[in-house]
Amino acid sequence: MAKPIGPRCNLDCGYCYYLEKQALYPERHRFRMEEAVLSRFIRDYIASQSAAGQREITFAWQGGEPMLMGLDYFRRVVEIQARHCPPGHRIGNALQTNGTLVTEDWARFLRENGFLVGVSLDGPPAMHDQARPDRRGRPSSAAVLRGLERLQRHGVDVNILTVISRANVGAPLDVYRYLRGLGAEVIQFIPALERLMPDGRRAGPPGRGDRGAVVAPFCASGEELGRFLCAVFDEWVRHDVGRVFVQHFDVMLGLWMGQPASLCIFAENCGTALALEHDGGLYACDHYVYPEHRLGSILARPVAELAALPRQRRFGKDKAATLPPGCRTCRWRFACNGGCPKHRILPDPTGGPGRINHFCDGYRMFLDHAAPAFDRMAELLRAGLPASAIMATGARPA
């Protein structure tokens with residue numbers, strides 16, 4: 001994930017884990033990925049992916065709010081990519097945005113250049129605005145919806161990213177049906193989880209000076225997340241399989257089919273979703289942008305070399321190596337693998353060493369509930385039929 005403007009954003013979402021990263025830099029700092037860093041990143045990333053046998057190479061642009069860089073900046077991105085793209089290769093771009101800055105010109109550019117755009121939208125306006133105000137505390141939903149409408153009208157490929165927090169976790173069907181009514185065909189549900197130290201500061205990764213840390217009040221509990229996922233799943237499996245693609249459900253179905261996890265939090269190991277800051281600093285993961293997890297600068301060493309460092313490989317393998325006994329014996333380990341390591345903050349209920357995921361109860365609740373439907377969809381796929389055929393068979397979750 002490349003962050004050309006670092007953590008700078010025009011919104012002030014209370015649950016955001018990235019705004020605080022401004023503290024890593026001097027007070028008078030220019031948050032902008034300069035040409036030297038941008039060119040080196042694009043060149044090296046294309047070279048590393050091509051060397052690995054990839055012919056379709058995708059860049060992911062995030063923030064903060066990457067659109068604050070301006071349209072001319074991304075025109076330059078496309079120019080540099082074209083210059084370094086080898087024959088027989090194809091470059092793609094994915095841009096995650098809050099949607100408030102989308103103009104007609106932006107929408108036209110994104111469509112003409114084949115960008116996949118993720119728009120952050122937390123549900124109906126009242127829920128969204130509670131969680132995602134602008135920097136002056138004003139509602140942002142109207143601006144987001146204007147931006148989304150422009151993207152859709154211009155034919156841009158759009159995904160919706162919805163953060164699950166205290167603002168919306170209690171109304172799963174209201175959220176899902178609202179997004180579906182806006183024409184959303186791909187939806188990602190991401191649960192917010194941050195912890196606060198006694199002095200109000202955000203806690204770092206589990207085990208790093210986090211004594212006394214408590215879950216922030218905007219976070220849902222594991223049980224609440226489980227109820228949310230179950231309710232949305234029941235609606236989806238009855239009406240929308242093959243029409244609306246919910247990332248969590250698609251990942252689980254792939255795992256049911258014996259495929260590797262397509263989402264890092266459910267993979268056995270991690271360490272492949274690195275984060276590139278605007279100054280060229282490369283970090284172990286988007287959720288681990290802390291000084292001790294900085295691998296180095298891409299201006300000093302190529303991206304591929306930094307990504308292959310032994311300590312980064314250990315970081316990835318530690319996910320499985322540090323699973324507590326309660327996870328190792330869980331029937332759903334194949335579909336969960338302990339979740340994101342940053343979310344492992346609860347003691348193992350078996351009394352063993354290590355910590356389990358804050359959302360463990362919710363993941364188990366959802367998998368217990370949805371397993372019969374996943375079994376049936378897997379049977380359909382193995383028989384050469386679409387998973388959507390489940391809607392005609394009468395199969396239902398437990």
Side-chain angles (χ1 to χ4, degrees), residues 1-2 17 45 48-49 51-54 56-60 62 94 188-191 193 204-208 210 222 247-276 281-296 298 301-348 350 352-360 362-364 366-367 374:
M1 298 180 186
Y17 63 91
Y45 185 68
S48 68
Q49 295 296 292
Q54 298 294 327
E56 292 196 11
I57 302 168
T58 300
F59 288 79
Q62 297 207 7
Q188 302 176 54
F189 291 121
I190 309 293
L193 180 59
R208 194 198 82 167
D210 59 350
Q247 183 189 50
H248 192 109
F249 306 159
D250 286 349
V251 173
M252 291 298 113
L253 183 55
L255 289 164
W256 243 258
M257 295 294 294
Q259 299 173 2
S262 57
L263 185 62
C264 62
I265 65 171
F266 297 125
E268 184 174 10
N269 295 302
C270 59
T272 58
L274 290 81
L276 177 68
L282 191 66
Y283 290 82
C285 170
D286 184 48
H287 288 273
Y288 281 80
V289 178
Y290 299 100
E292 63 267 37
H293 292 287
R294 188 178 187 273
L295 301 172
I298 67 167
R301 299 180 71 175
V303 170
E305 283 188 19
L306 292 172
L309 287 173
R311 64 190 181 101
Q312 178 63 9
R313 294 188 176 185
R314 283 196 303 274
F315 173 83
K317 291 180 179 179
D318 278 350
K319 181 181 179 184
T322 59
L323 271 181
C327 290
R328 295 181 186 278
T329 58
C330 177
R331 66 181 291 217
W332 299 124
R333 178 182 173 180
F334 80 95
C336 173
N337 284 303
C340 179
K342 192 178 178 184
H343 293 171
R344 294 180 185 175
I345 62 174
L346 299 178
D348 184 353
T350 68
R355 302 180 182 184
I356 66 169
N357 199 292
H358 170 79
F359 297 113
C360 177
Y363 290 149
R364 284 192 289 105
F366 170 70
L367 290 166
F374 282 130

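Note that the structure is a prediction, hence the values are computed from the model and not measured.
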Any residue meeting side-chain contact (heavy atoms from CB on, under 4.5 Å) with Ala304, in chain and number order, not counting sequence neighbours: Ser48

Spacing of Leu282 atom CG and Leu276 atom CG [to the nearest 0.5 Å]: 6.0 Å

Sequence-distant partners of Arg301, salt bridge (Lys or Arg N to Asp or Glu O under 4.0 Å), two or more places apart: Glu305

Thr329: side-chain hydrogen bond (donor to acceptor under 3.5 Å, both in side chains) partners, not counting sequence neighbours: none

Partners passing salt bridge (Lys or Arg N to Asp or Glu O under 4.0 Å) against Asp286 (at least two apart in sequence or in another chain): Lys3

Test of ring centre spacing under 6.0 Å for Phe315 and Tyr283: no

Minimal non-hydrogen separation, Phe249 against Phe374, with atom names: O-CE2, 3.6 Å

Taking every non-hydrogen atom, the tightest pair across Lys317 and Asn269: CA-OD1, 3.4 Å

Side-chain heavy atoms of Pro191 within contact of His358, under 4.5 Å: no

Leu306 to Gln312 - nearest heavy-atom pair and separation: O-CB, 4.3 Å

Set of side-chain hydrogen bond (donor to acceptor under 3.5 Å, both in side chains) partners for Arg294, sequence neighbours left out: none

Counterpart residues, salt bridge (Lys or Arg N to Asp or Glu O under 4.0 Å), relative to Asp318 (two or more places apart): none

Distance in Å, Phe59 CZ paired with Met1 CE, rounded so as to fall on 0.5 Å steps: 15.0 Å

Over all atoms of both residues, closest heavy-atom pair of Val289 and Ala275: CG2-CB, 4.2 Å

Within-4.5 Å side-chain heavy-atom neighbours: Arg364 and Phe359: no

For Thr272, all residues meeting side-chain contact (heavy atoms from CB on, under 4.5 Å), sequence neighbours excluded: none

Residue list, side-chain contact (heavy atoms from CB on, under 4.5 Å) with Arg313, at least two apart or on another chain: Ala308

Ile265 side, atom CD1; Cys270 side, atom SG - distance, nearest 0.5 Å: 11.0 Å

Solution key, residues 331-347 side-chain donor-acceptor pairs under 3.5 Å, sequence neighbours excluded:
residue: Arg331; atom: NH1; partner: Asp368; partner atom: OD1; Å: 3.4
residue: Trp332; atom: NE1; partner: Asp368; partner atom: OD1; Å: 2.8
residue: Asn337; atom: ND2; partner: Phe266; partner atom: O; Å: 3.0
residue: Lys342; atom: NZ; partner: Tyr290; partner atom: OH; Å: 3.2
residue: Arg344; atom: NE; partner: Gly338; partner atom: O; Å: 3.4
residue: Arg344; atom: NH1; partner: Lys319; partner atom: O; Å: 3.0
residue: Arg344; atom: NH1; partner: Thr322; partner atom: OG1; Å: 3.2
residue: Arg344; atom: NH2; partner: Lys319; partner atom: O; Å: 3.0
residue: Arg344; atom: NH2; partner: Asn337; partner atom: O; Å: 3.2

Residues in side-chain hydrogen bond (donor to acceptor under 3.5 Å, both in side chains) contact with Glu292, at least two apart in sequence or another chain: Arg208

Side chains of Ile190 and Gln247 in contact at under 4.5 Å (non-hydrogen atoms): yes

Least distance between heavy atoms, Ile356 atom then Pro324 atom: CG2-CG, 3.6 Å

Nearest non-hydrogen partners of Leu255 and Pro260, listed with the distance: CD2-C, 4.2 Å

Non-neighbouring partners of Arg355 that pass salt bridge (Lys or Arg N to Asp or Glu O under 4.0 Å), sequence neighbours left out: Asp210

Interatomic distance, Tyr45 atom OH to Leu274 atom CG [nearest 0.5 angstrom]: 10.0 Å

Heavy-atom donor-acceptor pair, Gln62 side chain to Ala2 backbone, under 3.5 Å: no

Results of ring-ring contact (aromatic ring centres under 6.0 Å, His included) for His287 - residues two or more places apart only: Tyr17

